[in-house]
Amino acid sequence: MVTVLKNFIILTIDPDDRIIRGGCLVIEHGKITAIGPMESIQSPLGAEVVDGHGIMAVMPGFVDAHSHSSLLRGYTENLNLMSWLPEYQREHQVLTPEDAYWASLLCYLEALKGGTTTVLDMYRYMDRCADAAQTLGLRVHLAPYVADAANKDFFETLAQNELLLAKYHGKSNGRIKALVGLEHLFYCTPQAYRRATAMAEHYDVLLHTHSSELKSEVEAVHAHFGKLPIHQLDEYGAIGPRTLLAHGVWLEESEMNCLADRGVAGVVLCPTSNAKLAGGIPPYGRYVDKGITTGLGTDGPISNNSLSMWELMKFGSLQQKLLNYDAAALPALECLRLATIGGAKLLREDRSIGSLEVGKAADLFTINLWQPHLMPLLRDDDHDPLPWNLVYAGRASDVVDVWVNGERLIHNGKSTKVDEDLILKKIQAQTASLLERRKSTRSVSMASMAYVAPDQ
């Protein structure tokens with residue numbers, strides 16, 4: 001199948017950040033084979049032609065670099081992180097493989113409909129998450145929730161993580177990748193970090209974990225271990241080029257230097273979730289100064305209530321402006337890069353996705369610009385308002401069509417793979433079952449649960 005998108009405004013997010021008005025893009029065998037002004041490109045014979053009529057845009061798919069699937073949304077509200085975690089873990093105490101399938105199907109569908117074509121999901125029973133990704137067709141990077149502390153026996157094990165790597169890594173023409181995933185320093189023994197690091201090296205994959213989300217969490221780690229979180233991870237050998245950290249809100253200068261010196265894969269910033277759980281504002285500018293790669297993550301529906309990268313870009317930008325008292329901090333085009341090529345770099349996928357360039361996979365989506373909240377579409381001399389309007393006024397509902405690897409997965413806002421109404425009914429029933437089972441669990445205070453000393 002050959003597809004030609006003609007008469008579109010193309011946001012390439014390439015190294016020159018080209019915006020091509022009246023542009024044309026050709027997709028063949030899942031790849032972008034041509035891109036440029038319409039007059040410079042000849043449409044192949046027999047191609048399916050999609051006409052943007054000059055009022056639609058096309059851009060690379062978003063990369064949600066840190067998320068947690070869940071069936072629940074709106075059930076753990078008005079809680080700061082340390083009160084929220086015990087409530088959240090009630091879900092995991094009763095979670096089943098069937099729950100995991102429908103939860104990930106729900107979250108991946110929401111993500112796709114908003115233009116997200118790649119998701120890093122940290123969840124459980126991730127073979128079922130792989131099944132959901134195969135059903136819908138998007139790209140996923142699966143990082144199991146692994147924990148081995150004595151009171152965390154309802155999480156995944158490193159043995160299960162290794163089975164996932166052996167069975168699913170690279171499947172579905174490379175759309176499904178598996179990572180090594182560890183929850184947190186208080187959830188995992190030193191042996192777990194050392195074995196996980198060895199696994200990541202053996203399989204040449206990323207090691208994904210959380211750190212430094214809350215100031216009191218950092219203080220508790222320091223009180224228990226006698227080291228700051230990054231230095232403790234470094235002592236375990238878990239800070240290196242394969243390390244991908246989530247959050248990283250509260251880092252001392254020495255920790256920043258450690259990340260930079262070790263050449264970590266990067267840090268996923270989750271500004272909306274960090275604000276909702278009263279954790280803090282990610283120090284984006286400090287990461288830039290240290291040359292540490294960053295991208296954006298929604299953190300999933302249970303802590304964010306939304307998988308919209310549109311909301312994440314706007315909120316993340318506004319946070320940085322407030323944090324620095326600088327209206328020029330984290331401008332629109334930089335936000336678009338964080339949400340696309342930035343996430344691709346974090347996942348070591350930037351050679352194949354994250355921008356619209358010849359030879360890259362056709363992971364992209366179209367946007368209907370012909371609506372009041374995205375006007376005007378006009379350039380004024382050297383100023384193009386489009387990036388600004390997309391970041392500060394764009395919505396997930398503006399997305400029309402979504403392609404992954406050249407296959408159209410969303411058409412006119414609806415999945416081409418599943419009957420959305422039917423699966424929402426099944427998801428509703430599965431959620432009712434989960435909530436009923438969750439009644440048998442109880443919330444345990446973090447004083448007796450999260451901060452139990454690991455076996456040393």
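With respect to the salt-bridge test (charged N to carboxylate O, under 4.0 angstrom), the residues K227 and E235 qualify. Between K360 and D350, no side-chain nitrogen of the basic residue sits less than 4.0 Å from a carboxylate oxygen of the acidic one, so the salt-bridge criterion is not met. For the pair K290 and E255, the salt-bridge criterion is not met [side-chain N within less than 4.0 Å of a carboxylate O]. Of the charged side-chain nitrogens involved, none lies within less than 4.0 Å of a carboxylate oxygen, so that D148 and K152 do not count as a salt-bridged pair. Salt bridge present: E420 and K113 bring a charged side-chain N and a carboxylate O closer than 4.0 Å.
Shown here are the side-chain contact (heavy atoms from CB on, under 4.5 Å) partners of N80, two or more places apart in sequence or in another chain: M82, S83, A278. For the side-chain contact (heavy atoms from CB on, under 4.5 Å) test, residues two or more places apart in sequence or in another chain that qualify with D16 are D14, R18. Partners of K345 according to the salt bridge (charged side-chain N to carboxylate O under 4.0 Å, His left out) rule, which considers only residues two or more places apart in sequence or in another chain, do not exist here. With sequence neighbours excluded, no residue forms a salt bridge (charged side-chain N to carboxylate O under 4.0 Å, His left out) with K426. In terms of the salt bridge (charged side-chain N to carboxylate O under 4.0 Å, His left out) criterion, residue partners of D363 (sequence neighbours excluded) are, by chain and number, R139.
For the side-chain contact (heavy atoms from CB on, under 4.5 Å) test with L244, the passing option among L207, L206, V264 is L206; the others fail. The side-chain contact (heavy atoms from CB on, under 4.5 Å) test with C258 is passed by exactly one of L228, D234, L233: D234.
The CH2 atom of W250 lies 9.0 Å from the CD atom of E219; values are rounded to the nearest 0.5 Å. The distance from the NZ atom of K177 to the NE2 atom of H141 is 5.0 Å, given to the nearest 0.5 Å. Rounded to the nearest 0.5 angstrom, L142 CG and D121 CG are separated by 6.5 Å. Once rounded to the nearest 0.5 Å, the distance linking CE of M309 with SG of C335 reads 10.0 Å. A distance of 9.5 Å separates CG of L71 from OG of S433, quoted to the nearest 0.5 Å.
Pairs engaging residues 89-108 under the salt bridge (Lys or Arg N to Asp or Glu O under 4.0 Å) rule: E87-R90, E98-R128, D99-R437 [sequence neighbours left out].
I292 approaches G266 most closely through the heavy-atom pair CG2-CA, 4.3 Å. S216 approaches L214 most closely through the heavy-atom pair OG-CD2, 2.9 Å. What you find for R194 and Y236 is that their closest heavy atoms are CG-O, 3.6 Å. Between G342 and T293 the shortest heavy-atom distance is O-CG2, 4.2 Å. Contact record, N274 with G280: CB-O, 3.2 Å, taken as the closest heavy-atom pair.
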Working for side chain to side chain contact (heavy atoms under 4.5 Å, CB included), residues E253 and N257
CA-CA 6 Å; E253 186 72 6; N257 290 335; 3.9 Å; yes
Please test L369 against M56 for side chain to side chain contact (heavy atoms under 4.5 Å, CB included), starting from the C-alpha separation and ending with a verdict.
CA-CA 5 Å; L369 302 174; M56 295 184 72; 5.6 Å; no
Residues V400, I367; criterion side chain to side chain contact (heavy atoms under 4.5 Å, CB included); working and verdict
CA-CA 6 Å; V400 179; I367 308 154; over 6 Å; no
Let's go through I230 and L245 carefully: what are the C-alpha distance in whole Å and the side-chain angles of both, what is the deciding distance for side chain to side chain contact (heavy atoms under 4.5 Å, CB included) to 0.1 Å, and is it a yes or a no?
CA-CA 10 Å; I230 300 304; L245 297 174; 3.7 Å; yes
Assess the residue pair F225 and F186 against the criterion (ring-ring contact (aromatic ring centres under 6.0 Å, His included)); give the C-alpha distance rounded to whole Å, side-chain angles, the decisive distance to 0.1 Å, and a yes or no.
CA-CA 10 Å; F225 292 100; F186 280 120; 5.8 Å; yes
Go through E334 and Y284 one step at a time and tell me if the side chain to side chain donor-acceptor pair (under 3.5 Å) criterion holds.
CA-CA 11 Å; E334 205 166 331; Y284 170 69; 2.4 Å; yes
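Aromatic ring pairs are classed by plane angle as parallel below 30°, tilted from 30° to 60° and perpendicular above 60°; the pair H68 and H66 is perpendicular. Classified by interplanar angle (parallel below 30°, tilted 30° to 60°, perpendicular above 60°), the ring pair Y187/H184 is perpendicular. In this structure, F62 and W310 have perpendicular ring planes: the angle between them is above 60°, well past the 30° mark.
With no hydrogens or angles considered, a side-chain donor-acceptor pair links E162 and Y203 at under 3.5 Å. Looking only at atom types and distance, the side chain of S104 has no donor-acceptor partner in the side chain of S69 under 3.5 Å away. Residues D64 and T298 have side chains that bring a donor and an acceptor to within less than 3.5 angstrom of each other.
Within a 6.0 Å radius of CD in Q371, other residues, nucleotides and ligands contribute more than 12 heavy atoms. For K321, the NZ atom sits in a packed shell: over 12 heavy atoms of surrounding residues, nucleotides or ligands are nearer than 6.0 Å.
The closest donor-acceptor contact from the side chain of N161 to the backbone of G181 lies under 3.5 Å.
Looking at L330 and L338, their side chains come closer than 4.5 Å, going by heavy atoms from C-beta outward.
In this structure, Y123 has its ring center under 6.0 Å from that of H92.
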